[in-house]
Amino acid sequence: MKAVAYLRVSTQEQSLERQYEEIKEFAFKKNLVLAKIFEDKISGTKTKTYQRDGFNQMKKYIELNEDVKHILFIELSRIGRKNNDIQNVVEEYTEKGINIHIKDLNISTLDEEGKISLASEMMISLLGVMSHNEGRLLGSRISSGKMSRARKNLAFGGKIIGYKKGENGTPMIDDKESPMIEKIFEFTSKGLGMRNVSAMIESEFGIKIAIGTLSGIIRNSFHKGERKYLNLELDVPAIVSKELWQKANDSINNRSKFGSRINVNTNILHGKIYCECGNVMHQKVIPKGRLDVFICKDEKCKNSINRPWLFRMVRKVVERHAQKTRDQQVRENLNIQIATYKAKIDLNNKTIEKLKNRQKKARDLYLDSEYTKEEYNEIKIESIIKIEESINTNNKLHEVINATENALKTDIKHFSDDLELFKVEIKDIISHVIIKKEIVLINIFGWREYELYKPNSTKLGFEARKPLNERYLNEELPLRFPIDDENIEMMIDDFLSK
């Protein structure tokens, strides 16, 4: 019967000569033909069997040679030093009907009938108990050690981007990486998505950061000076302020919150719209019945207001306010967007240059007979396709830049057309809305109410029948008591000074 053997020593300096002699003698006594001997010179404590070349070669050999049904070991420790690793090996080969013979224990895992031997079962059970206990004790020691070191602000591996390990083992700011971290938080706080932030960072610092990594950086409280380890909270040097950290996190929270919505009847005034009788106004939307209103909760009241009209008036109110307070912020964000697109164009141009150089190099190698014509053509075609893709992308980006630059020259649109985003944008502006029988009151900041006349239902119905691009073109804010620009400016200045 054929067998293989596995020998191991812990270091390169140790000799396997004694083990070779013993294993051959062991095979002879077992009346086995030793087909091949495999060996490793590597620590059994620091590695598992699947991490060793010799052991993996033996495994492949057995798979290819089905007549090998025996494996010989001089000692149990030659398999490994970890009980769970030994247990896994014994169970794996026993289940395959391959008999493992261990010389120092005088144990064979299978009996003469090919069934698991009693001694083998006892050994596997014992190894399982020892392995569980070993893992529990080791985990307990590691956790205790880490907690002890963490209390001293140690146990820091230096793997957090923006930090490195100081001489005393505590975290300190990495001056080379911290400017990049600051920019990541700055761009994100401006509302840029992760792809745009990644492009800006790659353009400015020449480092490509994966979107998942960027999100992890922004979420990590380490960067605002708070290190959390289990139930400990420790102070570390901060790269960004707590305010900037929170603003960046709020930005990505909002983007993820509204990334995959299916709600089509968003109530931008949820919890803020009331009837003059004191009851809440509920929205009622029935497209087939052409019903789109807010209606009083009290069925006897029957007070209602056209929902699309009210949303348009709310938008006009906050836009009017924003013209005096938010133009600069919006224009700044548009300029950041332009910078983002230009950064992407710059990266694409570098890619195009690399592809052209690759194409030229391939041509030179072809002329020097180092490439075949087929190899050269393959690289040439691949490069041309990728260059064309990059050029097309750049053309589209240039179009977007032109459109954004034109937007800077026109009246600024301060709020999103997306109702869910618009709802968030106005949550601190709109205090409440009161619907009366003939008047609508829109209160902003709790200190000023816009009094609007209720709309004429017949006119609204007439407008709704028009094509979308022709509806409500001349609709004004129907103020009951119009406020001139001078008074608006005075109110805004008064509010901002508080």
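Here the structure is a predicted model, which means the values were calculated and not measured. In this chain, residues are counted from 1 in sequence order.
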Kindly indicate whether the side chain of [X], heavy atoms from C-beta on, has any atom under 4.5 Å from the side chain of [Y].
{"X": "I184", "Y": "M180", "value": "yes"}
{"X": "Y20", "Y": "E39", "value": "yes"}
{"X": "Q359", "Y": "I387", "value": "yes"}
{"X": "V9", "Y": "Q19", "value": "yes"}
{"X": "H270", "Y": "K423", "value": "yes"}

Do [X] and [Y] have side-chain atoms, one donor and one acceptor, less than 3.5 Å apart?
{"X": "K344", "Y": "N196", "result": "yes"}
{"X": "N349", "Y": "E353", "result": "no"}
{"X": "N377", "Y": "Y366", "result": "no"}

Parallel, tilted or perpendicular: ring planes of F73 versus F55, cut at 30 and 60 degrees: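 If you compare the ring of F73 with that of F55, the planes turn out parallel.
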Parallel, tilted or perpendicular, as decided by the 30° and 60° cut-offs, for the rings of F26 and H101: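 Correct class here is perpendicular.
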Could you grab the distance from atom [atom1] of [X] to atom [atom2] of [Y], nearest 0.5 Å is fine?
{"X": "T340", "Y": "K190", "atom1": "OG1", "atom2": "NZ", "result": "12.0 Å"}
{"X": "S383", "Y": "K354", "atom1": "OG", "atom2": "NZ", "result": "13.0 Å"}
{"X": "I102", "Y": "I74", "atom1": "CD1", "atom2": "CD1", "result": "12.0 Å"}
{"X": "L32", "Y": "I71", "atom1": "CG", "atom2": "CD1", "result": "11.5 Å"}
{"X": "I37", "Y": "L7", "atom1": "CD1", "atom2": "CG", "result": "6.0 Å"}
{"X": "M58", "Y": "D40", "atom1": "CE", "atom2": "CG", "result": "9.5 Å"}

Got a donor-acceptor contact below 3.5 angstrom from the [X] side chain to the [Y] backbone?
{"X": "S215", "Y": "I211", "answer": "no"}
{"X": "K103", "Y": "I23", "answer": "no"}
{"X": "D174", "Y": "G162", "answer": "no"}
{"X": "N56", "Y": "Y50", "answer": "yes"}
{"X": "S198", "Y": "M194", "answer": "no"}
{"X": "R8", "Y": "R78", "answer": "yes"}
{"X": "N392", "Y": "E388", "answer": "yes"}
{"X": "Y163", "Y": "F222", "answer": "yes"}
{"X": "S178", "Y": "I239", "answer": "no"}
{"X": "S189", "Y": "K247", "answer": "no"}

More than 12 heavy atoms of other residues, nucleotides or ligands under 6.0 Å from [atom1] of [X]: yes or no?
{"X": "K60", "atom1": "NZ", "answer": "no"}
{"X": "K41", "atom1": "NZ", "answer": "yes"}
{"X": "K59", "atom1": "NZ", "answer": "no"}
{"X": "Y61", "atom1": "OH", "answer": "yes"}
{"X": "K380", "atom1": "NZ", "answer": "no"}
{"X": "N395", "atom1": "CG", "answer": "yes"}
{"X": "E17", "atom1": "CD", "answer": "no"}
{"X": "Q14", "atom1": "CD", "answer": "yes"}

Charged N-O contact under 4.0 Å between [X] and [Y]:
{"X": "D346", "Y": "K342", "value": "no"}
{"X": "D292", "Y": "R307", "value": "yes"}
{"X": "E382", "Y": "K386", "value": "yes"}
{"X": "K242", "Y": "E226", "value": "yes"}
{"X": "E25", "Y": "K29", "value": "yes"}

Check step by step if side chain to side chain contact (heavy atoms under 4.5 Å, CB included) holds for E374 and E378. CA-CA 6 Å; E374 288 75 18; E378 184 179 347; over 6 Å; no
Let me see the working for D250 and Q246 under side-chain hydrogen bond (donor to acceptor under 3.5 Å, both in side chains), right down to the final yes or no. CA-CA 6 Å; D250 287 344; Q246 191 60 52; 3.0 Å; yes
Verdict with reasoning, I209 to I161, per side chain to side chain contact (heavy atoms under 4.5 Å, CB included): CA-CA 11 Å; I209 303 180; I161 299 175; 5.5 Å; no
Do K373 and Y376 form a cation-pi contact, if we require the NZ or CZ to be under 6.0 Å from the six-membered ring centre and within 45 degrees of the ring's axis?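 No, cation not above the ring by the 6.0 Å, 45° rule.
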Within 45 degrees of the ring normal and closer than 6.0 Å to the centroid, is that where the cationic atom of R315 sits relative to F422?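 Here R315 passes the 6.0 Å and 45° test against F422.
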Considering non-hydrogen atoms only, spot the tightest contact between [X] and [Y] and give its length.
{"X": "I79", "Y": "R52", "answer": "O-NH1, 2.7 Å"}
{"X": "I218", "Y": "W245", "answer": "O-NE1, 3.2 Å"}
{"X": "I345", "Y": "I401", "answer": "CD1-CD1, 3.7 Å"}
{"X": "D111", "Y": "E113", "answer": "OD1-N, 3.0 Å"}
{"X": "L192", "Y": "Q337", "answer": "CD2-NE2, 3.6 Å"}

Side chain to side chain contact (heavy atoms under 4.5 Å, CB included) assessment of V4 paired with N65: CA-CA 11 Å; V4 293; N65 296 272; over 6 Å; no
For side chain to side chain contact (heavy atoms under 4.5 Å, CB included), just list the numbers for K69 and L110, CA-CA rounded to whole Å, side-chain angles, deciding distance to a tenth of an Å, and then say yes or no. CA-CA 11 Å; K69 295 295 182 181; L110 301 179; over 6 Å; no
